Amino acid sequence: MLLPVVAVLFSSCSNSAQKNVIPKDATMVVSFDLKEIASKGEFSSSPYLAQLKAFAAMDSPETAQMVNDLIEDPAISGVDFSEPAYLFVCKDGCIGFTWKMNSASDLKDFCIKAGAKDSEFSDHDGFSWLKDPEEDNEPIRFAFNDNVGIVLGFPDMNYQSAKEQGSKMTSKLLALANQGESESFLASDNYSKMNEVDGEVKMFVSGDIINAYLSENEKSMIASQVPFNLSRAASVAGLAFENGQIVLRVKNENDDPVIKHYNELAANCLSKLTGGFLAHAPEDFFIWGAINVNWENVLSTLRKNDDIKAALAQASMEEDINFDQLAKSINGGDITFIMPEFDNYKPPFVVKARMNDDSAFQMIGSQLAELTDNNMTFDGSTFHFGSYYDKQLLGMNGKNLYWCSENGEDYLSPSQQTPSALAAVQDDILNSYGYFYLNLKPVIKNNVPAEAAAIYPKMLNLESVVMRIPSVNEFEAKFTVTDKDQNILKFLTH
């Protein structure tokens with residue numbers, strides 16, 4: 001109900017009371033820019049508001065009137081929707097939600113109209129509480145005044161144990177409400193990092209978030225298995241609603257030397273995509289994905305581990321495999337997975353890898369040739385294996401090593417040109433270390449019944465889901481529709 005409610009916004013206030021509530025050592029914080037979300041969605045003109053009103057009318061005339069009043073003027077709720085709201089997790093595991101208030105009396109009146117009883121409210125310590133905090137044994141607290149609203153609880157799976165947290169929740173809520181800016185998340189470096197990402201929804205999360213829910217034995221077990229400090233592992237993310245797409249951007253903000261070392265190794269073992277197989281997908285492909293691995297650097301990195309180095313040396317001697325030659329041979333560029341459009345129970349697929357030469361195939365082929373039986377044959381250039389209903393091929397096509405399903409053999413040769421969907425994002429592909437494109441258009445065209453499309457015709461405008469790795473510290477995902485002229489929130493709600 002919040003989305004249509006926040007359509008009409010009112011006066012902004014510079015007071016950051018809701019931000020000051022969040023503890024400085026919070027292990028997760030999520031901010032919601034309600035003002036920007038409402039502006040981009042233009043919810044006040046959404047046709048779904050009529051449906052919302054009709055649904056409310058089915059409950060009672062009082063509910064219908066309350067919903068109608070709220071849609072017409074969100075200010076009657078007492079909540080200031082022009083300021084961000086925050087979800088947060090404390091280091092001890094408490095979960096809270098806080099928002100900016102305009103009027104405590106208005107929110108109290110609204111709650112009563114929504115079904116709460118006036119007798120359930122109690123005024124203590126500068127707050128109105130839903131239920132007297134001195135008598136309430138529930139593990140959750142809901143309090144508000146003219147500046148801020150706070151919900152705070154402890155998610156204990158053992159409900160009886162959680163009830164014992166009631167008095168602690170009261171004390172903790174008051175402590176958070178009265179702390180100064182210097183004691184809050186607002187004064188931390190993590191708050192600054194979170195606000196560096198773009199989006200109407202922003203998030204900070206620390207690896208330390210799981211510790212509050214673990215026993216001492218579980219913590220010790222994880223510490224013995226994980227070679228880095230969880231509290232120094234963190235990420236920030238932004239969810240942006242743009243014209244024609246929703247974009248999720250994630251960035252690792254790790255301060256642990258072990259993680260930084262692993263990131264350096266990953267950066268050394270990956271290269272940016274060359275786009276060498278862009279034209280190998282048909283126009284109406286279903287899936288296209290690629291990654292570019294520097295196998296020589298991978299081999300060099302593996303050999304820094306004495307146990308792995310010894311195992312490789314033994315395998316090289318026993319199986320007559322020259323791993324250096326193997327790595328150099330396959331170190332030619334992108335490895336690409338392609339799944340063309342399909343309309344039967346056996347989807348075709350093709351995996352291609354650009355090779356420097358065919359020595360790797362000859363080396364692997366000599367090993368596989370010894371395994372040939374009724375389910376695997378070798379015709380001198382291509383291996384055929386698998387069951388009668390699931391035949392697969394492994395071979396060389398020029399300098400391209402391929403593995404494909406039998407019905408994917410028709411897609412081994414490149415198309416005339418790069419598919420239009422991939423051509424539109426080619427710059428992003430070439431600036432990525434890994435890329436995955438799920439093309440929704442052929443799926444919808446072949447699989448969505450006309451009856452379903454008639455109920456929600458917007459599904460016919462779904463275009464793609466894309467995931468990419470811009471750097472070893474970053475991840476990006478996009479959900480796109482064909483209508484690029486309006487914000488996706490408005491597209492989805494109008």
Side-chain angles (χ1 to χ4, degrees), residues 265-282 285-302 312 321-340 347-365 367-368 381-383 385-386 392-415 418-419 421-423 425-439 464-472 474-477:
L265 293 179
N268 191 44
C269 294
L270 293 175
S271 300
K272 287 194 174 181
L273 297 173
T274 67
F277 293 116
L278 283 171
H280 287 234
F285 70 93
F286 175 42
I287 295 174
W288 185 93
I291 192 169
N292 190 349
V293 179
N294 188 317
W295 294 105
E296 290 177 282
N297 287 349
V298 170
L299 184 61
S300 175
T301 299
L302 292 174
L312 289 172
I321 299 176
N322 186 328
F323 285 103
D324 290 288
Q325 184 180 1
L326 182 66
K328 184 176 181 180
S329 175
I330 63 178
N331 210 32
D334 301 350
I335 300 173
T336 300
F337 174 83
I338 301 169
M339 183 176 286
F349 74 87
V350 179
V351 178
K352 296 183 180 183
R354 182 68 174 174
M355 311 287 282
N356 282 321
D357 55 54
D358 66 352
S359 59
F361 177 70
Q362 297 299 331
M363 201 180 306
I364 297 172
Q367 301 291 323
L368 292 177
S381 62
T382 305
F383 287 92
F385 57 95
Q392 297 177 27
L393 291 74
L394 177 68
M396 290 286 292
N397 183 5
K399 281 194 172 184
N400 298 329
L401 176 69
Y402 66 85
W403 165 40
C404 69
S405 58
E406 189 174 41
N407 58 348
E409 192 173 7
D410 294 339
Y411 302 97
L412 292 179
S413 299
S415 308
T418 299
L422 296 180
V425 294
Q426 184 166 334
D427 288 344
D428 278 350
I429 291 174
L430 298 180
N431 280 296
S432 302
Y433 291 87
Y435 203 94
F436 175 87
Y437 193 111
L438 176 64
N439 191 2
S464 66
V465 175
V466 173
M467 290 175 278
R468 62 184 287 255
I469 305 173
S471 76
V472 294
E474 297 175 290
F475 171 80
E476 183 179 280

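Since the structure is predicted, the reported quantities are computational estimates derived from the model, not experimental observations.
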Keeping the roles fixed (side chain from [X], backbone from [Y]), state whether a donor-acceptor pair exists under 3.5 Å.
X	Y	result
Asn400	Arg354	no
Lys352	Leu412	yes
Asn322	Gln325	yes
Asn297	Asn268	yes
Thr274	Gly276	yes
Arg468	Asn431	yes

Which heavy-atom pair separates [X] from [Y] by the least distance, and what is that distance?
X	Y	result
Asn356	Lys399	O-NZ, 3.3 Å
Pro347	Ser405	O-OG, 4.3 Å
Cys269	Thr301	SG-OG1, 3.7 Å
Pro340	Pro348	CD-O, 3.4 Å

Pairwise side-chain contact, [X] with [Y], heavy-atom cut-off 4.5 Å (strictly under):
X	Y	result
Tyr402	Val351	no
Ile335	Ile330	no
Val298	Val293	yes
Leu278	Ile429	yes
Phe286	Leu438	yes
Leu270	Ile291	yes
Lys328	Glu296	yes
Phe323	Leu302	no

If you measure from [atom1] on [X] to [atom2] on [Y], what distance do you get to the nearest 0.5 Å?
X	Y	atom1	atom2	value
Gln392	Cys404	CD	SG	8.5 Å
Asp324	Leu299	CG	CG	5.5 Å
Leu394	Phe383	CG	CZ	7.0 Å
Phe436	Ser464	CZ	OG	10.5 Å

For this session: Return the orientation label for the Tyr437 and Tyr435 ring planes: parallel under 30°, perpendicular over 60°, tilted otherwise.
Result: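 Ring orientation of Tyr437 relative to Tyr435: parallel.
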Exercise. Any chance the rings of Phe349 and Trp403 have centres within less than 6.0 Å?
Worked result: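 Centroid distance Phe349-Trp403: below 6.0 Å, so yes.
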For this session: Verify whether the ring centers belonging to Phe285 and Tyr411 lie closer than 6.0 Å.
Result: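 That pair fails the under 6.0 Å test.
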For this session: Applying side-chain contact (heavy atoms from CB on, under 4.5 Å), run through Ile287 and Phe337 and close with a yes or a no.
Result: CA-CA 8 Å; Ile287 295 174; Phe337 174 83; 3.9 Å; yes
For this session: In sequence, state the C-alpha distance, the side-chain angles, and the governing distance for Ile338 and His280, and then conclude on side-chain contact (heavy atoms from CB on, under 4.5 Å).
Result: CA-CA 8 Å; Ile338 301 169; His280 287 234; 3.9 Å; yes
Exercise. Any chance the side chains of Asn294 and Asn331 put a donor and an acceptor closer than 3.5 Å?
Worked result: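 Yes, side-chain donor-acceptor contact under 3.5 Å.
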Exercise. Is there a donor-acceptor contact under 3.5 Å linking the side chains of Thr336 and Asp334?
Worked result: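 Short answer, no.
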For this session: Show your working on side-chain contact (heavy atoms from CB on, under 4.5 Å) between Met467 and Glu476 and close with a plain yes or no.
Result: CA-CA 6 Å; Met467 290 175 278; Glu476 183 179 280; over 6 Å; no
For this session: May I have the step-by-step check of side-chain hydrogen bond (donor to acceptor under 3.5 Å, both in side chains) for Ser329 and Asp357, ending in yes or no?
Result: CA-CA 5 Å; Ser329 175; Asp357 55 54; 2.9 Å; yes
For this session: Go through Leu393 and Glu409 one step at a time and tell me if the side-chain contact (heavy atoms from CB on, under 4.5 Å) criterion holds.
Result: CA-CA 8 Å; Leu393 291 74; Glu409 192 173 7; 3.7 Å; yes
